[in-house]
Amino acid sequence: MDNQQLRNAGLKVTGPRLKILKILEKQAPSMRHLSAEAIYEAAGKTIGLATIYRVLSQFEETGLVTRQNFEGGYAVFELNQGTHHDHLVCVKCKHVEEFRNPIITQQQKKITQQFKFTFINYNLIIYGICANCLNCENP
Ligand SMILES: [Zn+2]
Ligand SMILES: [Zn+2]
C-alpha cells in the first residue's frame, strides 16, 4: 500500500491517509482488525479521532478498507483482502480473529437452495471468550 494505491483509489495523498494505511498494513495477521480508537492509539494520538473516522469511511467507500460491525456498536476496520472470511470476537477484550471455512460456505449455499434463494453473500460472527481472557479468569 503506497501513494500510488491511494491515487488509484481516487484519493489525494495526505499525511493522515498515508499514516492510517501504514498502521493497517503493518499489523500481524492476528491483529489485522482495528477499531478507530486502536488506530488513534497506534498513531500516537497525532491524528484526531474525527479525522480517523472520516478517512476510514473514505477508504471504505473506495474499497481499500472493509468495516465489520459487531454487537454493541463495536466496529473494526481492516485492509480489503478481496476474499470472504468470517470473524470470531472476544466479548471481553474485543480481540478479533478471522477464519475461512469452506464447509460453512457450502452449507449456507445448500440452505439458500432449499429456500429457492439466490446466494449472494453471508456474514458469520462468532462471539466468545478468547484463550487470553480465559487464562486471566482461571489462572
Ligand atoms: Zn479476550
Ligand atoms: Zn476480517
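Side chains included, hydrogens not; waters and symmetry mates left out as well; all remaining heavy atoms used. Both ligands and their constituent atoms are indexed starting at 1 by order of listing.
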Under a 4.5 Å side-chain heavy-atom rule over Ile, Leu, Val, Met, Phe, Trp and Tyr, are Val96 and Leu134 clustered together?
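Cluster IDs for Val96 and Leu134 match.
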
To the nearest 0.5 Å, what is the distance between CG (Leu24) and CE (Met31)?
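Rounded to the nearest 0.5 Å, the CG-CE separation comes out at 12.0 Å.
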
If you look at [X], which of its N/O/S atoms is nearest to the Zn ion (ligand 2)?
{"X": "His87", "value": "NE2"}
{"X": "Glu78", "value": "OE2"}
{"X": "His85", "value": "NE2"}

May I ask you to check if any N/O/S atom from Cys130 comes under 2.8 Å of the Zn ion (ligand 1)?
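Cys130 does place an N, O or S atom closer than 2.8 Å to the Zn ion (ligand 1).
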
With rounding to 10 degrees, what does the angle Cys93:SG / the Zn ion (ligand 1) / Cys133:SG come to?
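The angle at the Zn ion (ligand 1) comes to 110°, rounded to the nearest 10°.
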
Short check: any N/O/S atom of Asp86 below 2.8 Å from the Zn ion (ligand 2)?
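It does not: Asp86 brings no N, O or S atom closer than 2.8 Å to the Zn ion (ligand 2).
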
Decide if atom CD1 of Ile103 counts as having more than 12 heavy atoms of other residues, nucleotides or ligands within a radius under 6.0 Å.
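Not buried by this count: 12 neighbours or fewer within 6.0 Å.
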
Are Glu98 and His85 close enough that a side-chain donor and a side-chain acceptor fall under 3.5 Å?
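Yes, because at least one side-chain N or O of Glu98 sits under 3.5 Å from a partner of the opposite role on His85.
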
Flag this pair as yes if the NZ/CZ of Lys94 is under 6.0 angstrom from the six-membered ring centre of Tyr74 and inside a 45 degree cone about the axis; otherwise no.
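Yes, cation above the ring, under 6.0 Å and within 45°.
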
